[in-house]
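All heavy atoms count here, side chains included; hydrogens, waters and symmetry mates do not.
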Amino acid sequence: MISEEIRTRLHSMADEQYRDFNSKLIPTVDPADIMGVRTPELRKYAKELIKREDTELFLDELPHRYYDENQLHAFIVSEIKEYAICIRRVCEFLPYVDNWATCDQMSPRVFQKHKRELLGNIRKWVDSDHTYTVRFGIGMLMRHFLDEDFSTEYPEIVIGIRSGEYYVNMMRAWYFATALAKQYDSVLPVIENRQLDPWTHNRTIQKSVESRRITSEQKTHLKSLRL
């Protein structure tokens, strides 16, 4: 079975020191379920597996036990070139994502060419009751809709999310800090009018002040808006 083959291969690439280091960064995953395979090796392996027809069997076998298997799954899905297949695989996988790293590192390239369809899925994802599905939706809105495709209606989507989950609100703050770096004049009123909850508001300002893409004058103004 390909899943057994993959697990054996992952174990052979495991780095114990990296596992110990990485487990501290991913507190939602049991350290016993982390092998310690480095990200470049996982990405390389995903590109090898995407060429095989039986890789579908691995993608079908959910949930996986190991964090490294989930990472590999995310990287394989990110390599799928046909949008309809890719979005189906993403939607199948999201309910099993249990950490910020797997969530944030799954970023299919094909999404760039299908933004209209993607936006509809983003709206569904942010309405989910699953932490990492919501986080993924915000992440996709941040990656694909803050440049030439930006519209002032998109920040409203993120403003409207109500969550007590740390990993959701951290992504909301990351979204607005990035939005301020790219669309400062359009997004500044969100901060000036205090449209976010206090924690996300202040974390957005903190991230913006730490950014090299925000000017000194902008940082000074943002600091004055802290709650």
Geometric class of the Y167/Y132 ring pair [parallel <30°, tilted 30-60°, perpendicular >60°]: tilted
Measure up the F21 and Y18 rings against each other and bin them: parallel (under 30°), tilted (30 to 60°), perpendicular (over 60°). tilted
Using 30° and 60° as the class boundaries, would you call the ring planes of Y154 and F145 parallel, tilted or perpendicular? perpendicular
Could you tell me how the ring of H64 sits relative to the ring of F58: parallel (under 30°), tilted (30 to 60°) or perpendicular (over 60°)? parallel
Would you say the side-chain atoms of K182 pair up with the backbone N or O of R213, donor to acceptor, closer than 3.5 Å? no
Just by distance, do the side chain of W100 and the backbone of L25 share a donor-acceptor pair under 3.5 Å? yes
Using a 3.5 Å distance criterion without hydrogens, assess whether the side chain of T102 forms a donor-acceptor pair with backbone atoms of V97. no
Result of checking T28, I26, D33, I34 against D30 for side chain to side chain contact (heavy atoms under 4.5 Å, CB included): D33
Under 3.5 Å, is there a donor-acceptor pair between the side chain of H130 and the main chain of T133? yes
Do H11 and Y66 pass the ring pair (Phe, Tyr, Trp, His ring centres under 6.0 Å) test, and can you show the C-alpha distance, the side-chain angles, and the key distance before you say yes or no? CA-CA 10 Å; H11 275 300; Y66 290 99; 5.4 Å; yes
Side-chain donor/acceptor of N99 to backbone N/O of A101, under 3.5 Å: yes
Output yes when a side-chain donor or acceptor of S78 lies under 3.5 Å from a complementary backbone atom of M106, and no otherwise. no
If you draw the axis of the six-membered ring of Y45, does the NZ or CZ of R9 fall within 45° of it and under 6.0 Å from the ring centre? yes
